[in-house]
Number of protein chains: 2
Amino acid sequence: MTRVLVVDDEPAIVRALVINLRARSYEVDAAHDGAGALRTAAARHPDVVVLDLGLPDMDGVEVIRGLRGWTRVPILVLSARHASEEKVQALDAGADDYVTKPFGMDELLARLRAAVRRAEPVGDGGDTVVETATFTVDLAAKKVNRDGKDVRLTPTEWHLLEVLVRGGGRLVAQKQLLREVWGPSYGTETNYLRVYMAQLRRKLEADPSHPKHFITEPGMGYRFEK
Amino acid sequence: MTRVLVVDDEPAIVRALVINLRARSYEVDAAHDGAGALRTAAARHPDVVVLDLGLPDMDGVEVIRGLRGWTRVPILVLSARHASEEKVQALDAGADDYVTKPFGMDELLARLRAAVRRAEPVGDGGDTVVETATFTVDLAAKKVNRDGKDVRLTPTEWHLLEVLVRGGGRLVAQKQLLREVWGPSYGTETNYLRVYMAQLRRKLEADPSHPKHFITEPGMGYRFEK
DNA sequence: CACCGGCGTCAGGGTCGCGTCAAGGACGCT
DNA sequence: AGCGTCCTTGACGCGACCCTGACGCCGGTG
């Protein structure tokens, strides 16, 4: 199920969007200002954000920057402004698309589909299955297999595993892990990492006390190794 | 260098795009019909395609499908048609964006940047690997390899190495090293440098007492040499 | 030849980060 | 309402890392 975050201060527009999206079985959250948008995004981790630029509390571009500080979620900007200047600013701040009001619902939905499709994890040429000596991760199917049996992971465990595996052998900083999994305000709670890394290792490592795949780089972060 | 494929049957538009893109140091190929577009895309592997829908030889949506059959390259559609129907078809066929003519060049370029930015993999920016006779440093992955084995570095060691390597053979002053690694208030603690340079040399130099890569410039600073 | 500043080396001690365990509490399901 | 799952939070021990001081070496200088 695709989760959409709709941000607009005009209730009529939010209503219209929510109805249309729910009818197409999207899961929809809504926020009516910039602060709420950032908060909700952090809490709910939407798959795509529809963002009105004319918010009461903060500049739309600031909202984009706030999101881009910790996530690459597609952002589809809505705006009444037709000026080229505005569009360029929003796009360069990290928006993925820009639609001017009034907009056609069909078109908006098509652009939304395009944004979501693009973000799908099917990497260029690479496939979504990563195999190690002791277990196999299928990122698309969201499944982990070990000794022929599926391993049950909690949502948080999954998210953490996902970020690590996507890192592809690169070191992932603690701060980045925390922000991507728990949200932008959790940059320092390294104890979460310790607890959940222990969980992952217990479930996936052959010898959890001597991890071969989830490597700690003290003081810096963690690394996933095949 | 980013490679763009421009597809349009109107020479004036192609000319305008080519000039503007080249001026921003994109590498540009051009095609004037669908068949040429597919052929050129296959031959040149562009990083992004700007595609006019009104081509003489085939339907624009067919071109999109032809591309999508084998590549996920971003496709930015240009069209004179404002109809919602057209946009939806193009986007659902696999286009990434849809701009109606006449278009503002600034906006088009911004959308182009957005499309390219989105497509590039995380952090895989430039050439982050530096190789020497005895070891290899991967700045993005934060990995050092020596004789096929990974070398474990502490955060401080890493930071120091990073600053030196980024210096790219130039002399880096002691004060600068101290400030960048330990913080702005540490301009004089040169003993830190001596200790950590010794660590780095012990871990990375073939003969730590006769360093070939971490060169001391007495009284001035240190230099990293390939 | 004695002195001195800069550098490399070594070893010890305090501190911090990491792994582990367990309990509390929120939430959803039956 | 009861239950289980999952997330959060705190405490604790241990090992690693960072700092620090002492010492020897070397080249330059008076």
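On a predicted model such as this, the values are computed, not experimentally measured, just so you know. Naming: A, B, ... by sequence-line order, numbering from 1 per chain.
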Q | Minimum heavy-atom distance between A:Arg111 and A:Val99, given as atom pair plus value | A |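 Looking at all heavy atoms of both residues, the shortest contact is CD-CG2, 3.5 Å.
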Q: Check B:Ala115 against B:Pro74 and note the closest heavy-atom contact, atom names and distance.
A: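 Of all heavy-atom pairs spanning B:Ala115 and B:Pro74, the closest is O-CG, 3.7 Å.
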N/O donor to acceptor pairs below 3.5 angstrom from side-chain atoms of residues 56-69 of chain A, sequence neighbours left out:
residue, atom, partner, partner atom, Å
A:Asp57, OD1, A:Gly34, N, 2.8
A:Asp57, OD2, A:Gly34, N, 3.2
A:Asp57, OD2, A:Ala35, N, 3.0
A:Glu62, OE2, A:Arg65, NH1, 3.1
A:Arg68, NE, A:Gly94, O, 3.0
A:Arg68, NH1, A:Thr71, O, 3.1
A:Arg68, NH1, A:Val73, O, 2.9
A:Arg68, NH2, A:Val73, O, 2.9
A:Arg68, NH2, A:Gly94, O, 2.9
A:Arg68, NH2, A:Asp96, OD1, 2.9

Q: Round to a whole Å and report the spacing from CG of A:Leu193 to C1' of D:dT9.
A: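 About 15 Å, once rounded to whole Å.
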Q: Using atom CH2 of A:Trp158 as one end and atom P of D:dC7 as the other, report the distance to the nearest whole Å.
A: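 Nearest whole value for this atom pair: 14 Å.
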(Q) Go nucleotide by nucleotide along DNA chain C from the 5' end; which of A:Arg202 and A:Gln174 gets its closest nucleotide reached first? (A)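 Final value for this comparison: A:Gln174.
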(Q) Using a 4.0 Å cut-off to any heavy atom of chain B, which nucleotides of DNA chain C are the first and last in contact, reading 5' to 3'? (A)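 Extent of the interface on DNA chain C: C:dG6 to C:dC10.
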Q: Examine D:dC6: is either OP1 or OP2 under 4.0 Å from a nitrogen or oxygen in the side chain of A:Arg152? Give yes or no.
A: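 True: A:Arg152 side-chain N/O within range (under 4.0 Å) of D:dC6 OP1/OP2.
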Q. With sequence neighbours left out, what residues match A:Asp92 under side-chain hydrogen bond (donor to acceptor under 3.5 Å, both in side chains)?
A.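 Residues passing side-chain hydrogen bond (donor to acceptor under 3.5 Å, both in side chains) with A:Asp92: B:Arg113.
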Q) With a 6.0 Å cut-off on ring centres, are B:Trp70 and B:His45 close enough? A)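 Centroid distance B:Trp70-B:His45: below 6.0 Å, so yes.
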Q: May I ask you to check whether A:Trp182 and A:Tyr196 place their ring centers less than 6.0 Å from one another?
A: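 Centroid distance A:Trp182-A:Tyr196: below 6.0 Å, so yes.
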Q | Contact pattern, 5' to 3', of nucleotides 18-30 of chain D - B, S or - by protein heavy atom under 4.0 Å | A | BSB----------
Q: Verify the distance criterion only: is there a donor paired with an acceptor across the side chains of A:Asp106 and B:Ser84 at less than 3.5 Å?
A: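 Per modelled atom types, A:Asp106 and B:Ser84 side chains form no pair under 3.5 Å.
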Q.
Can you see whether A:Arg202 engages A:Ser209 through a side-chain donor-acceptor pair at a distance of less than 3.5 angstrom?
A.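 Not at all, the side chains of A:Arg202 and A:Ser209 share no donor-acceptor pair under 3.5 Å.
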Q) Between residues 215-226 of chain B and DNA chain D, which residues have a heavy-atom gap below 4.0 Å? A)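 Here the set is empty: none.
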Scan the side chains in residues 218-226 of chain B for donor-acceptor partners under 3.5 Å anywhere in the protein, sequence neighbours excluded, and list what turns up.
residue, atom, partner, partner atom, Å
B:Arg223, NE, B:Glu217, OE2, 3.0
B:Arg223, NH1, B:Gly169, O, 3.0
B:Arg223, NH2, B:Glu217, OE2, 2.7

Q: Mind telling me whether A:Phe135 and A:Phe214 have parallel, tilted or perpendicular rings, with 30° and 60° as the class edges?
A: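 A:Phe214 vs A:Phe135 ring planes: parallel.
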